[in-house]
Every structure is written in structure tokens, then in C-alpha cells.
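Structure first, commentary second.
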Amino acid sequence: MSNPARSAGGVAQELWAEARQHSESPDNVLVVADELLTKLEARLRRWIGAEGYAALLNRSVALTLPHNAALASVSDLHPRAAESSPSSQTAAVFSESETSDAIIALLIVMMEQLGSIVGTDMAVRLVALSAPPNARSLAGHESKDTQS
Amino acid sequence: MSTSSMAETPDSIALQLLKTGVPGLDEVLGGGLPALSFNLIAGGPGSGKTTMAMQMLFETSTAERPGLFITLLGETSLKMLRYQQHFTFFDGHKVDEQVHFLNLSEEALNGDLDAVLARIVQEVTTLRPGMVVVDSFRSLVHEVQNEAPATSVERFVQRLALYLTTWDITSLLIGEYQEQELRNPVFTVADGIFWLTQAIDRNSVVRKIQVVKSRGVEHMPGLHTMKITKDGVRVFPRVSMQPAAPRSRDARRLSTGIEGMDALMGGGIPAGDSVVLAGPTGSGKTTFATQFVAAGLRAGEAAVIAVFEERPNIYIARAQSLGIDLDAAVAADKLRVIYLRPLDLSVDETMQEIRNAVQDIGATRVVIDSINGFEMALAPTFRADFRESLYRLIGTLTSLGVTMYSTVEVVEGKGLHLTGYHVSFLTDVIVSQRYVEIEGEVRKALLVIKMRGSNHSRDFRVYETTRTGIVLGNTLSQYDGVTTGVPVRSRRGPS
């Protein structure tokens, strides 16, 4: 790809910002995280199927969690934890910025994991394209949404 | 999307042909892939099926009509992305925008053909692609055949073909089929069948493609060799045998570039003829050929030299030592020196390379140096048909109007040895060289054995290879038994 490659960190931050901007509950980071991960799953399942996505997510969570305990507060990632501690209680334990940082860290790790298979540029592109259509420039260039 | 059309008759519609983006394939297909056709790419593992389909997908996809690659079973989309992105045709910026990928392996593993079809329908409805690839179709059928009756598979294929065609989609199904499976229903439904094979012969791998059928177009029958390089799949259309019908002869005569040689040949080499220079090792064949090229360059003509035995830089340096500056001609794009020595060439690949070079620079002279090297450069499987291959090579190039000059090394013995390849019937001119012993000294001699339609010399002439090139000497008319290599002075009186 000839256009300048985007860094995984930059794309992760922009994806998170876009997700908050387009969320109906931008102040509830746990809801935003769920919405973002749902979109990401829908996109990546096209490539690796449900089982492949689950494996990618599990591995990425395992690598991220030790340094980002706030990840445990996201119900999509830690269903057992969520069962024992509802989101509202967990959110009280971790600050909004801690949860935001954890999600961004997770996205970076997921891109790194994918990057080991398809290269960093392509992995960043695949994840970046999970953003809403008007944020597709994250993928590295202006794009047209052909999905009518 | 680049397209062309088949001729339209009053009672038929024009058939839109899509450019496939696979070099050589459009020529085999008679112009391109028919739009809206339902095609099968079949072949064994590693035969290039997926790469070929991917090339077509990237070539035909547009923002308005994207391409869709559906993976059922086998290589996952992500793994495919890992490897396919290394081909130059793979434009990463098109991924997920103009070329979409969809993994349906989970639906396929469940063996529910209706669910697979439903997902395809859903996806096609959303994306409105212009081309859809389904990979690997055969594995899907194999997966469900124990659970579903054959009729359900047949029905699935029919429905899929119907859906894709009515949605204005050109489709490619990829499958690992063997020849004995030709009765599979998909072969009946398919409008086009591309059969890819990969044969190993004495450490050499040769890939071939056969267009078994292609409805609506007049495709080239037979097997065509193909290669997979960093640019993807490339097909080398098998050029058919040229009829031996007489060509419209050009009255011009081309200089050999050797003083006195043109006179031996009735004024030079008739333009458009094929010359074979046959001689033993060290007899100066390459020097003769180089001087032929130099004469053309001096006359403002362009030339192509196909080198099989030594690298171009060495070839050019050798010419330089004779005072012939081939480098300057290359720089001026008046000369192409093609190096062909990979040992697994096909004749068609060689012809394609030479033909492209001839057309690129408008060459009128082509040197093949040498025929022996050409044979050795071919994959073993093609050497068995070398005579026919040579026939096609010469026929194809001379039909372009170029004058060919080929060298061939022969082993000396008693008598006249021509080419050793029994190709004299397809060459217009044969010049034979040999060593002769005259008064205790080894000399080189040549004889114009054959020149169609020309009044050429029948005399043996001695010659020397000097620092400035070939210098012709006297005739050996006063000797008998020159063809034995040990002539004796004739006892005949002066004629």
C-alpha cells in the first residue's frame, strides 16, 4: 500500500474517539466499549469467523489484562466478571480514563496479533474499517462507502 | 472495469467481455471473460486457482461494482490475505472497499447448503458486486455429500448459478477437482471451465491451463503453459502451427554485414527469410550473427537477440571486442538482448518474450543464439516436441515479417552435417560451416547449402575470424572431398 501507513496506536485512539462521538451514551465508557467491540466483531468475523474472532479476542485480552485491569469491567470481554459485578459497580472501581486506555490498549494488541499474520499495515486497515463510514479515512485514505 | 464486445449479429446481443487482468488469458479466451458467466476454475493444490481468481477480482472491481471473495472451506480469508498481498496486482487499498472478503466456513462446516446460499444472497444483495469468487466450492460439496443427497447439491449449484446470473454478476467457483470428476453437476451448469494442472518432469515443474469450455466465445483450444511470478499468473497462449503457405515475399535483401558474404547469397538474405547457420564449436557462429545484427543497426533497423548460452553483458562485450557497440543500440532502444536460460521455459513463453520485444521496438531482425541453447533452456517435457516447437517458433516470427538468423552447433564428422534438428524443411537458408585440413593447417570453411528462390554460390569458401570480424578468403574449388574435412587437390583441369 503506497499511502502512508497509520500506526496501530493512532488508529486505536481515533477509533475510540469516533466510537464515543457516535454513541448515544458517550459518557458511559462501558457502553461505548461494547458498541465498538460489537462493530469490530462484525467486521473481523467476515475474515476469521466467529471462532477465529473469539480466539483473537481471548488472546488479546490475556495479553492486555495484566497491564490494564480496567478491561475486566467491559462485559463483552469478561462475561464472568460482569455477572458477579454489574457494570455500574465495576465502573465505580475504574475511572473513565482507565477504561478508555484499556480499550485502546486492547485494540492495539488485536492489531498486533492480526499484524503477525497479514502485516501491520493491513491489520491496521482491517480494524480501522470497523469505524463508521464517515470515519473510514482512518484506513489510510479517503474512501467511498459502496454498501448501499 | 475494462471490457470489449463480441460482434453483434441482427439476432443476437453483443457479448460483453471482461478483461481478466491475467496476461495472456484474454487471448486464450478469445477476447476476455464473458460478463455474467458462471465459471469454474478447477485443478489440484498449488496450481494457481486462487491467485488467478484473485487477479480477475482485483482487475474487474470498481467502487460501483466491487468484487466479493467468499471462502467456504480451506484456506481462511486471513491466511489468503497474508499470502496474496505479496502479488503486485494486490492493491491493499481496495481491500474491504472495492474487494470484499467473506468467510463462510462456519456455515459450510454445518453442511447446511440453504444457510450458505442465504448468506451469499444476503451479502450479494448488500454489496451488489460485479464479480463473485467462491473458494473452495469442491470442499463444500465434499463436506455435505454424506449428509445431503446428490440432488440437493445439484439444486444448490443450479440456484447459485441462477441467483448470481440474474443479479448481473460474473462468478468464479474454485474447486480441487480431478479429471474423473467431470460428471459433477457443476461442470454441466458452468458456462466456462478453466482446468489448471501442474506436472513435474525431471525436477522441472510445468503449469498448464486448458479452457475446457467457454460459452459464447471462440477460445483457443489446447493446453497453454502458465507461470506464477510476483505479478501473479501469466498465461502463454499456445501459438498454433503456422501453415507452410508461401509468404508474400519482400523483394529486399538484407546485408549479412560480412564483406563478400552477400555476393555468395545472391545479393544478401531475402527479407523475412529464416537463416540457419550450422557449424562446429569455435567456428564463429556468434560473430556471424552479431555482424548480421550490426548491419541491420547501421541500416537503421531494430533487432532482437535471444541469448541462451551466455549472459547479455558477456555477449555485448564480445561484440565490443569486434568494434560493434551493442550497448549504444540497447540504450537507443534499437536492440533488445533477451536472456533466456532458466531451464524450465516453455516454447510459448520464449515466443512471447521474443514477440513482445519485436513488437516493442519494431525489430526486423531476430537472432536465436543458439538453437541448442534454446532446447536446453526448455523444461524437459517440451524437449520431446522440440522439432515441432522450433517449427512454431520460426513460423511465428517470420510471419511477423522479421528475418531470423539462428545458430546451431553441430558435431563434425565425415560428410555435410546440417542442423541436426531435421528442420531444414522450415528454413529458407542454410549455411554450413566446418573445419578442413589444408596442407597441414586447420582452416574454417563455409558453404551456402540452400537458399530458396536464390541463385547462390555453391563453392566452399574459407574464412577467418579476425579482430574486426569475419573475413572471407578463397574458394576451395581446386579441392575435392572438402566435406570429409581432409580435402585433396583436384586432379581436374581448370574449368
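Only this structure's heavy atoms are used, side chains among them; waters, hydrogens and symmetry mates stay out. Numbers restart at 1 for each chain; the letters A, B, ... are given by sequence-line order, proteins then strands.
- A heavy-atom distance below 4.5 Å is found between the side chains of B:D96 and A:R43.
- A donor-acceptor pair under 3.5 Å links the side-chain atoms of B:R82 to the main chain of A:S116, judged by distance alone.
- Within a 6.0 Å radius of CD in A:E51, other residues, nucleotides and ligands contribute 12 heavy atoms or fewer.
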Decide side chain to side chain contact (heavy atoms under 4.5 Å, CB included) for A:M122 and B:V95; before the verdict, give the C-alpha distance in whole Å, the side-chain angles of both, and the deciding distance to 0.1 Å.
-> CA-CA 9 Å; A:M122 186 58 74; B:V95 172; 3.9 Å; yes
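- Within the 3.5 Å criterion, the main-chain N or O of B:N103 finds no donor-acceptor partner in the side chain of A:R46.
- Contact of B:Y83 with chain A is not made at all, since no heavy-atom distance falls under 4.5 Å.
- When the salt bridge (Lys or Arg N to Asp or Glu O under 4.0 Å) test is applied to A:D101, no partner is found at least two apart in sequence or on another chain.
- For the ring-ring contact (aromatic ring centres under 6.0 Å, His included) test, no residue two or more places apart in sequence or in another chain qualifies with A:Y53.
- Contact count versus chain B (heavy atoms, under 4.5 Å) is highest, among A:I48, A:L114, A:L44, A:I117, for A:I117.
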Kindly determine whether A:W47 and B:L102 satisfy side chain to side chain contact (heavy atoms under 4.5 Å, CB included), including the steps that lead there.
-> CA-CA 6 Å; A:W47 287 95; B:L102 178 64; over 6 Å; no
